[in-house]
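Just so it is clear: chains get the letters A, B, ... in the order the sequence lines come, proteins before strands, and each one is counted from 1. Here the structure is a predicted model, which is why all the values come from computation and not from measurement.
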Amino acid sequence: MPNDLSTLVYELVEKVPLGKVTTYGDIARTLGLKTPRQVGWILHRNPSQRKTPCHRVVFSDGRLSGQFAFGGRDAQRHWLESEGVLFNGEKVDMKRSRWAELSH
DNA sequence: ATGCTGACCGAGC
DNA sequence: CGCTCGGCCAGCA
């Protein structure tokens with residue numbers, strides 16, 4: 001297994017600490033990808049045979065990814081909440097729960 | 001080749 | 001705060 005782009009993405013996602021989230025855009029910027037869509041494409045395409053916590057990746061405004069992706073956004077939301085991620089209504093409280101490491 | 005579609009984002013109103 | 005729009009680029013029919 002060559003360490004291609006997807007490997008880098010997964011390694012980065014695995015570094016997201018418990019109780020924090022990161023965004024597609026942050027990942028894209030950090031790895032030098034052309035567009036955040038590429039990140040979404042990589043995560044969607046690869047099976048979850050890895051222990052990658054994909055549920056910690058959200059939109060830049062704090063919305064959760066999709067209704068079909070993790071068995072529903074309610075499921076994902078409860079998952080995150082149990083990890084300590086703060087919510088502001090339907091959205092993640094990005095101000096406090098965004099992983100600061102990438103957001104430079 | 002070409003024209004959608006999408007696990008996105010920022011600007012603008 | 002909410003909605004639209006354009007740009008982005010990899011896959012796929």
Round to the nearest Å and state the distance from A:R29 atom CZ to B:dC8 atom P.
15 Å
If you measure from the Lys or Arg side-chain nitrogens to the Asp or Glu carboxylate oxygens, is any gap between A:E83 and A:R56 under 4.0 Å?
yes
Residue whose closest nucleotide on DNA chain C lies nearer the 5' end, A:W41 versus A:P36:
A:P36
Distance check needed: B:dC8 P versus A:M94 CE, whole Å only.
14 Å
Any salt bridge between A:D61 and A:R63, counting N to O under 4.0 Å?
yes
Would you please test A:Q38 and A:L5 for side chain to side chain contact (heavy atoms under 4.5 Å, CB included) and show each step?
CA-CA 10 Å; A:Q38 192 164 1; A:L5 238 41; 3.7 Å; yes
Grab the CG-P distance between A:L43 and B:dG6 for me, whole Å please.
17 Å
Round to a whole Å and report the spacing from CD1 of A:I42 to C1' of B:dC8.
13 Å
What's the CZ-P distance between A:R63 and C:dC3, to the nearest Å?
10 Å
Is it true that A:D26 and A:R29 have a side-chain N and a carboxylate O under 4.0 angstrom from each other?
yes
At under 4.0 Å, does any side-chain N or O of A:T35 touch on OP1 or OP2 of B:dC8?
no
CH2 of A:W79 versus P of B:dA7: gap in Å, rounded?
21 Å
In whole Å, what is the span from the NE2 atom of A:H44 to the P atom of C:dA10?
18 Å
Rounded distance in Å - NZ (A:K34) to P (B:dG6)
24 Å
Of all the nucleotides listed (C:dA10, C:dG7, B:dC9), which has the minimum atom distance to the side chain of A:R37?
C:dG7
